[in-house]
Amino acid sequence: MLSIYNTLTGKKEPFQSLQPKTVRMYVCGVTVYDYCHIGHARSALVFDVIRRYLEFSDYQVEFVKNFTDVDDKIIKRANEQGVSCDAITAEYIEAYYQDMGKLGIRQATHEPKATEHMAEIIELVNMLIQKGFAYEVAGDVYFQVEKYQAYGRLSKRKLEDLQAGARVEVDERKRHSMDFALWKSSKPGEPSWESPWGPGRPGWHIECSAMSMRHLGETFDIHGGGMDLIFPHHENEIAQSCGATGKEFARYWIHNGFVQIKQEKMSKSLGNFFTIREVFEKWGYRTQVTGEVLRYFLLTTHYRSPLEFSDQGLQEAKRTLDGFYNLFQRLDEITQTEGPGDSQLQQVLEKRSNGFREAMDDDFNTPAAIAQFQDFRGEVNRLLETGLSKKACGMARELFRSLGGVFGLLLLSWKKDWEFRYLDDEPTAWPPPWMRQQDRSGVPQPLIADEELPVAALSDEEIEGKLVERDEARKQKDFKKADEIRQFLKESQGVTIEDKPDGTSRWKR
RNA sequence: GGCGCCGUACCCAAGUGGUUAAGGGAGCAGUCUGCAAAACUGCGAUGCAGCGGUUCGACCCCGCUCGGCGCCUCCA
């Protein structure tokens with residue numbers, strides 16, 4: 001039984017979907033005016049994994065994630081660069097798909113944009129005015145927080161407390177300092193849409209209410225986003241949505257913790273952020289930090305806890321992941337049909353499969369689930385000493401693949417890195433199928449071919465040739481030559497050679 | 001000022017009112033090996049920031065203190 005920590009109640013609760021076997025979930029995406037940083041990556045990843053686990057648990061998931069493409073920051077950026085807002089948003093939506101694609105983030109069921117839902121937004125604002133929750137002042141429309149008695153329920157704040165600590169200048173036209181804009185009249189040169197209150201654009205919060213209702217209905221199961229959205233964004237969404245419909249809005253509120261640098265929140269305003277592409281560039285995508293390594297690293301901490309981003313953490317993730325692929329290589333090499341350890345493996349498969357579910361059912365405890373993988377890895381390695389049949393090895397690999405698929409991990413062929421041979425039958429393989437479609441309008445093509453291969457990279461065949469050469473030398477007891485070849489491949493090609501007990505060798509990048 | 005979170009071994013990181021406080025990385029010592037790598041085995045917190053309290057019993061519940069952080073303004 002899945003239980004989820006619900007910000008609304010501050011407790012872990014058993015998860016009960018509104019409709020059997022279906023989950024409808026909305027997650028606040030990004031405002032597209034700059035490249036995504038690791039914090040954005042974490043948020044996207046957390047909900048990607050939640051979505052995958054729900055699907056793994058036999059739910060059909062209607063997953064909506066928006067792009068905020070009307071906003072002060074976008075306007076500012078457009079003015080700075082002397083281009084249109086559309087140019088800015090198109091550029092960063094493309095970048096979003098490139099970066100998240102490398103991380104293996106699957107596309108949501110719907111990815112609506114605010115600019116494409118003006119009719120719904122205006123209608124919602126209208127409804128709020130009619131019901132007395134909102135008022136117009138000279139082309140602006142504000143939500144009147146005092147009219148919504150449950151205001152503050154999500155963030156556990158009282159209106160009085162908020163007022164006392166308000167750090168913003170109070171707009172005299174507002175009836176209460178916490179009243180927030182549903183609709184803003186536009187200044188010349190700003191993007192604007194016709195409305196009953198004159199030309200203008202929506203406030204930030206209203207778009208999510210309008211789009212979630214449009215795609216998921218008035219009441220749905222899960223609403224998520226970063227911790228920092230609890231107040232005011234999600235609080236305001238609830239006020240607007242419940243005010244307009246008189247019904248419950250989202251039932252479970254999930255919020256992920258921050259990525260930190262030196263104990264501080266990674267954020268634009270503090271300037272202490274790394275973009276996703278910076279991390280890949282710094283480390284060398286495909287050689288040191290693959291999308292999988294970053295993914296693994298981000299999942300080693302529970303989603304609600306702060307996560308300290310560090311080079312050391314990344315390296316550790318790489319090393320641990322390598323351990324799994326070493327095992328997969330061993331599993332692949334087994335050809336024998338006899339397996340003294342087969343019966344024990346059966347028990348282990350069941351134990352780890354159950355352990356994984358238990359961990360994930362407990363509020364998506366990915367670190368505990370990863371520990372199950374690690375235990376499993378050790379157990380299979382040990383049973384390999386006992387002896388496993390080819391069939392059993394296949395079953396072990398299959399469990400790694402299916403459970404790993406929930407995390408988007410362990411899906412690669414063991415000969416990975418720059419070749420990037422993914423298991424083709426894996427639906428969550430990267431690049432995801434939707435990125436492979438050539439005619440997808442508005443969606444950029446994957447960056448699969450833009451990486452430079454190392455200079456003078458040898459082909460598999462050439463490496464195999466070197467290996468034969470080395471094996472010959474070893475047979476002649478010419479260890480000096482053998483070691484030279486090994487060293488050459490290691491240094492120039494990043495290829496590691498391992499000698500097996502039977503006298504033959506294996507290699508890997 | 002208001003609301004909230006965190007503090008577990010060298011590092012990362014789960015977890016529980018009472019059996020040996022998961023797992024990983026690093027380290028050390030072995031097995032194996034021409035060497036190496038991989039894998040395996042063993043070692044590693046008498047203690048979970050500190051101090052009180054509740055309890056038969058707390059790392060886990062309550063209070064306080066110290067240290068760090070977040071939200072209250074845009075923010076994943």
>> Is A:Lys318 close enough to B:G25 that one of its side-chain N or O atoms is under 4.0 Å from OP1 or OP2 there?
In response: no
> Counting only Watson-Crick or G-U wobble pairs whose two distances fall under 3.5 Å, which nucleotide matches B:U46?
Replying inline: none
> Among B:C74, B:G68, B:G70, which is the nearest nucleotide to the side chain of A:Gln263?
Replying inline: B:G68
> What distance, rounded to whole Å, do you find between the two P atoms, one in B:U54 and one in B:C71?
Replying inline: 39 Å
> What distance, rounded to whole Å, do you find between the two C1' atoms, one in B:A9 and one in B:A13?
Replying inline: 11 Å
>> Rounding to an integer number of Å, can you tell me how far A:Lys475 NZ sits from B:C35 P?
In response: 19 Å
> Can you find a donor-acceptor pair, distance only, under 3.5 Å between A:Asp499 side chain and B:C35 base?
Replying inline: yes
> Between A:Arg173, A:Arg201, A:Lys184, which is the residue that forms a salt bridge (charged side-chain N to carboxylate O under 4.0 Å, His left out) with A:Asp140?
Replying inline: A:Arg173
> Between the base of B:G34 and the side chain of A:Asp483, is there a donor-acceptor distance below 3.5 Å?
Replying inline: yes
> In this structure, which one of A:Trp253, A:Phe249, A:Tyr151, A:Tyr26 forms a ring pair (Phe, Tyr, Trp, His ring centres under 6.0 Å) with A:His234?
Replying inline: A:Trp253
>> Reading RNA chain B from 5' onward, which residue's closest nucleotide shows up sooner: A:Phe479 or A:Ala368?
In response: A:Ala368
> Hey, does the side-chain of A:Glu316 have a donor or acceptor N/O within less than 3.5 Å of a partner on the base of B:G24?
Replying inline: yes
> Can you check the A:Leu298 CG to B:C12 P distance for me, whole Å?
Replying inline: 16 Å
> So, is A:Arg382 close to the B:U41 phosphate, meaning a side-chain N or O under 4.0 Å from OP1 or OP2?
Replying inline: yes
> Nearest-Å distance, CZ (A:Arg470) to P (B:C35)?
Replying inline: 13 Å
> So, is A:Asn381 near the phosphate of B:C40, with a side-chain N or O under 4.0 Å from OP1 or OP2?
Replying inline: yes
>> Please tell me if A:Thr301 has a side-chain N or O lying less than 4.0 Å from either OP1 or OP2 of B:A13.
In response: yes
> B:U31 pairs with which nucleotide, Watson-Crick or G-U wobble, both distances below 3.5 Å?
Replying inline: B:A39
> Taking protein heavy atoms under 4.0 Å as touching, what does nucleotides 3-9 of chain B look like 5' to 3' if B marks base contact, S marks sugar-phosphate-only contact and - marks none?
Replying inline: S------
